[in-house]
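Just so we're on the same page: letters track the sequence lines, and every chain starts at 1.
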Amino acid sequence: MTYQIYEQTVNHPDQINKLTMGMTITEKIMAHNSGRDQVKPGELVWVDVESVMTMDYLGKTCFEKFRSLGPSEVFDKDKVICVSDHLVPPPNQKFATMLNEWREVVRQHDITHFYDLGRQGIAHQIMVEQGHVLPGKISIGTDSHANTYGAVGAVGNAVGVTDAAVAMATGKAWFRVPEAVKFHITGVWQPWVMAKDLSLHIMGMMHWNGHLIYKTLEFTGPAIDSLDMAGRMTLCNMTVDLGAKNGIIKPDQTTKTYLEGVAKGEWEMIESDADAQYEEVYEIDINDLAPTVALPDKLDDTVTVDQLVGTKFNKAFVGTCTNGRLEDIEVIARILKDKQVHRDVNMILVPASQTVYLEALQAGHLETLIKAGVAIDTPSCAACAGIHTGVAGDGDIVLSAGNRNMKGRMGSKNAQIYLSSPAVVAASALKGVISDPRNL
Amino acid sequence: MSKIEGTCWVADDYVMAYDIIIQEYWTSAIDPEDNSLWVMAGVKDAFNKENGFKDNGYTFIVAAHNFAGGGKSIEHVVAGLIGAGIQAVFADSFARLQFRNAINYGLPFITSKGIAEHCKTGDTLSYEPDSGIITNMTNGTEFSSVPPAPFVAEVSAAGGLMNYVREKINKGEAIG
Ligand code: SF4
């Protein structure tokens with residue numbers, strides 16, 4: 001394990017050259033988008049943003065704040081992306097009214113890309129699948145899981161409405177260049193082991209919001225090279241839950257293929273220099289990575305699934321910006337094909353976007369799942385934030401493929417939430433108790 | 001900035017953003033006055049009533065690691081603290097998203113290692129922004145703090161990022 005603190009390295013004359021040469025992918029992206037040749041961790045820079053995302057329950061405030069800055073038109077109507085995801089379809093009158101006000105404000109500003117009910121999806125899924133985030137560029141969003149955008153080699157960052165309003169007006173955002181931590185992942189993905197298991201494994205290893213606060217996390221190595229875009233999104237998505245500034249994976253052929261035909265602009269294939277500086281480098285071999293589960297209430301309280309086999313639960317949930325993609329749906333369909341969800345379990349699938357929904361339909365997965373006794377709901381954040389569609393009630397024990405399990409997250413404070421991969425959710429739904437998909 | 005003086009509340013470990021502003025208020029408007037009514041409602045029962053936290057009249061919060069963590073980006077958290085009369089927060093470390101919001105709102109989130117071990121709820125503290133010195137006047141201990149970066153100080157002097165950017169736009173000055 002290497003451990004290098006920037007201040008220490010400046011004392012060595014033979015390393016000074018390295019300092020002016022080697023940059024991480026995140027440093028390079030921040031430099032390129034702030035018109036500089038070089039940036040160093042700790043510096044504050046104003047960068048140009050490729051896109052700014054805001055969504056239903058914060059968007060109106062965001063636009064109001066933007067207007068209060070002076071300009072009446074956003075910096076680029078094609079680059080302010082508006083999405084309805086947390087509140088759709090509205091579960092009550094209050095949210096229905098909020099949505100109406102939101103629609104009105106988006107219309108007033110003549111925003112080109114408005115993904116409203118009917119064309120909706122979870123904002124982070126939309127941003128990537130519709131090509132609004134691009135390799136080598138910086139995108140921000142008013143929701144914490146904007147870290148997802150690192151999957152395509154972009155710097156994706158969660159901000160508050162103030163930052164988004166400023167970016168809407170100016171096309172810019174301020175950043176402190178983060179120190180970097182590298183996770184070098186080797187080995188081969190074993191059957192039924194998913195990127196989510198690696199995320200949860202790292203969560204248990206590094207601790208929730210522990211000393212990775214403010215850092216950029218870079219995922220490299222053969223196991224990342226062989227990972228599909230869905231898995232890369234899962235991995236980058238949960239870096240916010242580690243307290244990190246962003247998670248990022250260098251763009252490659254998988255990225256290019258994914259973006260073909262959807263990218264909404266030019267991009268730049270940027271990767272870290274060989275002599276880039278990292279505060280720490282962790283090596284993880286996934287050959288013996290087991291399906292991993294986070295116990296209720298704390299994300300970093302993780303165990304391998306074998307330790308929980310037989311644990312009772314009554315609600316199964318697959319969806320969210322972490323695990324609501326086609327590849328996730330395919331995995332659960334494979335497990336549940338020609339079988340039945342256990343009678344003691346209610347299972348809900350919420351595809352992450354209308355595109356995902358349609359693709360799952362065309363692939364026949366939805367038919368498989370409906371026949372297996374899975375309820376399918378229209379794309380949204382659903383019960384993930386406890387707002388609607390399948391919220392948890394008193395006494396519920398939920399096994400969720402989402403990203404957060406604190407008390408009350410999905411509804412009742414008297415419910416428990418276990419987090420796992422979609423494979424573990426499906427295998428467990430089949431058996432009626434937490435089960436290891438490798439033993440089916 | 002002149003010296004600030006007042007009592008402190010010492011936070012327990014794991015004071016998360018979603019405990020500072022509980023779920024039912026996430027979709028409400030961002031407004032210091034409104035958000036302060038129920039600020040800290042999820043932290044403990046004593047605060048889980050209208051003005052439960054605010055009525056204590058604290059000026060400072062002292063915490064250990066990762067104050068306001070848990071990955072929520074909502075600005076209601078910082079707005080609620082400001083509305084409740086909090087003028088600075090001292091901690092070993094802060095969660096990134098709320099640290100950023102605090103800078104944007106001009107509320108000093110000040111890193112001061114180990115301070116929580118030497119303060120008790122109700123102690124009177126003073127904070128001298130220019131020197132960064134924090135004094136616990138109740139027990140006579142003194143702490144240094146990490147000075148904010150020049151940009152952060154500028155934003156704070158302007159009264160937050162909105163004012164800072166608005167002034168730049170009005171004057172036709174470039175940002176960054
Ligand atoms: S799916 Fe859940 S975590 Fe993702 S944006 Fe929606 S509420 Fe947040």
Need one label for A/Thr162: side chain, backbone, both or neither, based on atoms under 4.5 Å from any heavy atom in chain B. both

Toward chain B, the part of A/Asp56 with a non-hydrogen atom under 4.5 Å: neither

Please flag which part of B/Ile175 lies under 4.5 Å from any non-hydrogen atom of chain A: side chain, backbone, both or neither. both

Among the listed options B/Asp19, B/Ile103, B/Val152, the residue most often paired with chain A at heavy-atom distances under 4.5 Å: B/Ile103

Please step through side-chain contact (heavy atoms from CB on, under 4.5 Å) for the pair B/Glu33 and B/Lys54, ending with a clear verdict. CA-CA 10 Å; B/Glu33 232 4 79; B/Lys54 188 176 180 172; 3.0 Å; yes

Whatever's closer than 4.5 Å to a heavy atom in chain B on A/Ser34 counts as neither

Options B/Phe94, B/Phe99, B/Trp26, B/Phe151, ranked by heavy-atom pairs under 4.5 Å with chain A, top entry: B/Phe151

Side-chain donor or acceptor of A/Asn405 paired with backbone N/O of A/Gln416 under 3.5 Å: no

Applying a strict 4.5 Å limit to non-hydrogen atoms, the region of B/Tyr105 in contact with chain A is side chain

What part of B/Ile22 gets closer than 4.5 Å to chain A, counting heavy atoms only: side chain, backbone, both or neither? neither

Pick from B/Ile30, B/Leu97, B/Ile74, B/Asn104 with the largest number of heavy-atom pairs that fall under 4.5 Å of chain A: B/Asn104

With only heavy atoms counted, which part of A/Val166 is less than 4.5 Å from chain B, the side chain, the backbone, both or neither? side chain

Using the ring of B/Phe47 (Phe, Tyr or Trp, six-membered ring only), decide whether B/Lys44 places NZ or CZ under 6.0 Å from its centre and within 45 degrees of its axis. yes

Could you check whether the rings of B/Trp38 and B/Tyr25 sit parallel, tilted or perpendicular, using 30° and 60° as the cut-offs? parallel

Side chain, backbone, both or neither: which part of A/Lys407 has an atom under 4.5 Å from a heavy atom of chain B? neither

Heavy-atom distances under 4.5 Å only: say whether A/Leu69 touches chain B with side chain, backbone, both or neither. both

Could you tell me which portion of A/Arg404 (side chain, backbone, both or neither) has an atom closer than 4.5 angstrom to a non-hydrogen atom of chain B? side chain

